Amino acid sequence: MNIKKWKKSEKLTAVKEKAKGKAKEKLENKKVRNVLLWIFEIAVTLVFAAVVAIGMFQSVTMQESSMEPTLSVGDKFFMNRVAYKVGSPQRGDIIVFKTNASDEAALHIRRVIGLPGETIQISDGRILINGETYKEGKDFPSISNAGIASSPVTLQSGEYFVLGDNRNNSEDSRYGDIGKVKNAIS
């Protein structure tokens, strides 16, 4: 058979076309596989992000004026639900807590002033920690009502003394309804 005739033969043309078709099909299959893999990776990432967000964070809306001017009524933010499972609140931290064990209890937001083992007292508008005047980094107003902290309040293990930044318009550890905080959420 002549090479020129062989190159033009129908069998060879058919084989070439079939090979091109298979190559094109493989390329299309690879593209589809890549797109499906990409969609799967995005879905897994979104599911992981949702699980982390639900498990670690909670949306909170400031409902009281007790933390003004730091936080205003209506301010929304996320709180870290696991921060104090691996550590403890420190002085100056803003924490979210419930006043009782009920799941329906309102969330309160205040600043940590007294830590476990310390004795807190409010005298002449000043905060005393273990008998020494506490100097805060911010300029908060002098406290006009010491509440139960007019007498020394000793904190046990796991107890915190909290105050709102709006010192003269805040229901906080100075009052029996709040008292010593034991279960900081964040």
Side-chain angles (χ1 to χ4, degrees), residues 46 48-186:
L46 290 174
F48 179 73
V51 168
V52 168
I54 291 167
M56 293 183 64
F57 300 100
Q58 180 176 348
S59 175
V60 178
T61 301
M62 188 67 198
Q63 297 178 358
E64 309 162 311
S65 63
S66 61
M67 289 299 291
E68 288 182 346
T70 307
L71 299 172
S72 299
V73 174
D75 283 356
K76 295 180 183 203
F77 54 94
F78 287 104
M79 67 170 200
N80 183 338
R81 296 173 66 157
V82 296
Y84 297 131
K85 293 188 187 325
V86 295
S88 299
Q90 300 299 307
R91 191 179 332 279
D93 286 358
I94 295 176
I95 63 168
V96 178
F97 62 94
K98 294 181 181 182
T99 55
N100 60 38
S102 169
D103 285 341
E104 288 82 39
L107 296 175
H108 299 280
I109 303 165
R110 303 290 186 275
R111 186 175 302 278
V112 174
I113 301 298
L115 302 173
E118 295 179 334
T119 299
I120 309 299
Q121 185 174 7
I122 299 174
S123 177
D124 298 324
R126 297 174 299 130
I127 302 167
L128 304 173
I129 300 175
N130 295 330
E132 295 184 27
T133 301
Y134 172 53
K135 300 208 186 309
E136 297 185 86
K138 293 185 178 184
D139 189 25
F140 295 112
S142 178
I143 299 172
S144 60
N145 182 0
I148 61 174
S150 60
S151 300
V153 176
T154 302
L155 302 169
Q156 303 301 316
S157 177
E159 294 180 333
Y160 298 88
F161 190 89
V162 297
L163 293 174
D165 288 356
N166 189 354
R167 298 289 157 82
N168 293 311
N169 189 21
S170 173
E171 189 173 344
D172 45 41
S173 289
R174 297 174 287 168
Y175 303 99
D177 290 352
I178 303 276
K180 301 171 190 175
V181 173
K182 296 178 185 168
N183 53 347
I185 297 173
S186 171

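Computed from heavy atoms alone, side chains included, the values below leave out hydrogens, waters and symmetry copies. Small disclaimer: the values here were computed from a predicted structure and weren't measured.
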* Are D172 and S66 linked by a side-chain donor-acceptor pair shorter than 3.5 Å? -> no
Side chain [X], main chain [Y], donor-acceptor under 3.5 Å:
X: K180; Y: G158; result: no
X: R111; Y: M67; result: no
X: N130; Y: T119; result: yes
X: S173; Y: G179; result: yes
X: N166; Y: S65; result: yes

Heavy-atom check, side chain of [X] versus side chain of [Y], under 4.5 Å:
X: V112; Y: Q90; answer: no
X: L71; Y: F77; answer: yes
X: I94; Y: I109; answer: yes
X: M79; Y: I95; answer: no
X: K98; Y: L107; answer: yes
X: V60; Y: F78; answer: no

Listed pairs under 3.5 Å, donor-acceptor, residues 143-151 side chains, sequence neighbours left out:
from : atom 1 : to   : atom 2 : distance (Å)
S144 : OG     : N168 : OD1    : 2.9
N145 : OD1    : G147 : N      : 2.9
N145 : ND2    : Y175 : OH     : 3.3
S150 : OG     : G147 : O      : 3.1

* Structure fact -> Residue pairs passing the ring-ring contact (aromatic ring centres under 6.0 Å, His included) test with at least one member in residues 106-135, sequence neighbours excluded, are F97-H108
Rounded to the nearest 0.5 Å, how far apart are [atom1] of [X] and [atom2] of [Y]?
X: F161; Y: I122; atom1: CZ; atom2: CD1; value: 4.5 Å
X: I113; Y: L155; atom1: CD1; atom2: CG; value: 11.5 Å
X: S142; Y: I127; atom1: OG; atom2: CD1; value: 9.5 Å

* To do: Return each pair, listed once, that meets salt bridge (charged side-chain N to carboxylate O under 4.0 Å, His left out) where at least one residue sits in residues 126-148; pairs must be two or more places apart or across chains.
  => E136-R167
* Asked: Closest heavy-atom contact between S72 and M62?
  -> O-CB, 3.4 Å
